[in-house]
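The structure appears below as structure tokens.
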Amino acid sequence: MPLVTPASSSTTETTNYSRLCRVLVDLGTCALRDCFDSICTPPTLHTVLAANQPILQNLRSRRIINATQWGKLFPAIPTSVSSKNFDITLLMTLLRNICGLAPPMTGWDVLPAVTDTSCEADIARVKYFRNVVYAHAEHASVDDSEFQTLERYPGYSGAARRS
């Protein structure tokens with residue numbers, strides 16, 4: 001199979017893709033972190049993680065949490081742990097597994113109804129759009145029509161608006 005060299009010039013489609021990724025990574029992560037920090041307050045985070053270590057160890061053994069993420073959860077100095085070092089995937093995993101949140105009506109892996117404005121629905125939205133836009137993307141581009149559809153979706157940046 002021949003190698004394809006990607007074009008180096010920016011197009012409207014690659015710019016759209018970059019904008020969507022930035023919203024998801026920057027604002028999505030910030031929204032998830034705000035939600036997480038409101039449940040697991042920074043001063044007690046190391047205690048909460050230690051109390052949930054069996055659950056987290058199970059997630060690690062199932063390769064849901066990787067070695068790098070584990071090191072951020074359990075640093076050499078336990079009191080130095082900070083959600084500021086957690087990536088979007090780790091935040092979603094923690095919110096779903098140790099924070100006592102109930103999944104939205106549609107579940108964690110399906111786009112919730114626009115009318116569901118709960119924190120849990122926003123977590124599911126961030127995950128859904130992250131997967132659609134870049135985690136499972138085949139191309140680093142989004143045409144104008146799809147961009148406008150995503151941009152207009154009422155819940156697309158709902159979590160970001162709350163932060």
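We use all heavy atoms of the structure for the numbers below, so side chains are in, but hydrogens, waters and symmetry mates are not. By convention here, the first residue in the shown sequence is residue 1.
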Smallest separation among heavy atoms of [X] and [Y], with atom names:
X	Y	value
T11	T14	N-OG1, 2.8 Å
T68	N66	N-OD1, 3.0 Å
P78	A76	CD-O, 3.3 Å
P75	K72	CD-O, 3.8 Å
C35	L95	SG-CD2, 3.9 Å
C21	V133	SG-CG1, 4.1 Å

Taking C-beta and beyond as the side chain, do [X] and [Y] meet within less than 4.5 Å on heavy atoms?
X	Y	result
E120	W108	yes
M92	R130	yes
D116	R125	yes
Y128	T106	no
D122	L32	no
T15	F147	no
L111	F129	yes
L91	I123	no

Measure the spacing between [atom1] of [X] and [atom2] of [Y] and express it to the nearest 0.5 Å.
X	Y	atom1	atom2	answer
T79	I77	OG1	CD1	6.5 Å
R19	L24	CZ	CG	13.0 Å
F36	S83	CZ	OG	6.5 Å
I65	W70	CD1	CH2	6.5 Å
T115	M105	OG1	CE	9.0 Å
R33	N85	CZ	CG	8.0 Å

*Which is it for N16 and D143 under the side chain to side chain donor-acceptor pair (under 3.5 Å) test, yes or no, and what are the steps along the way?*
CA-CA 7 Å; N16 290 344; D143 64 39; over 6 Å; no

*Would you check, one step at a time, whether the test side-chain contact (heavy atoms from CB on, under 4.5 Å) holds for L20 with V23?*
CA-CA 5 Å; L20 291 173; V23 166; 5.8 Å; no

*Among the clusters formed by ILVMFWY side chains lying less than 4.5 Å apart, do V110 and L101 turn up in the same one?*
no

*Check the pair R96, D109 against salt bridge (charged side-chain N to carboxylate O under 4.0 Å, His left out), reporting the backbone distance first and the verdict last.*
CA-CA 11 Å; R96 288 173 58 168; D109 301 320; 3.3 Å; yes

_Heavy-atom donor-acceptor pair, R22 side chain to L27 backbone, under 3.5 Å_ =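 No: the side chain of R22 does not pair with the backbone of L27.
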
*asked:* Taking D26's backbone N and O only, do any of them form a donor-acceptor pair with T29's side chain (distance below 3.5 Å, no angle check)?
replied: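 The answer is no, because no donor-acceptor pair under 3.5 Å joins these two groups.
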
*Applying side-chain contact (heavy atoms from CB on, under 4.5 Å), run through N97 and I64 and close with a yes or a no.*
CA-CA 11 Å; N97 289 279; I64 293 169; 5.6 Å; no

*Option among T47, V48, L49 that satisfies the side-chain contact (heavy atoms from CB on, under 4.5 Å) test with V81*: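 Filter result, single survivor: L49.
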
*Please assess L94 against L73 for the test side-chain contact (heavy atoms from CB on, under 4.5 Å), listing each intermediate value before the final yes or no.*
CA-CA 10 Å; L94 295 172; L73 291 171; 3.8 Å; yes

*asked:* Please evaluate residues E13 and D144 with respect to the criterion side-chain contact (heavy atoms from CB on, under 4.5 Å), reporting the C-alpha separation (whole Å), side-chain torsions for both, the decisive distance (0.1 Å), and the verdict.
replied: CA-CA 7 Å; E13 290 81 9; D144 284 337; 5.5 Å; no

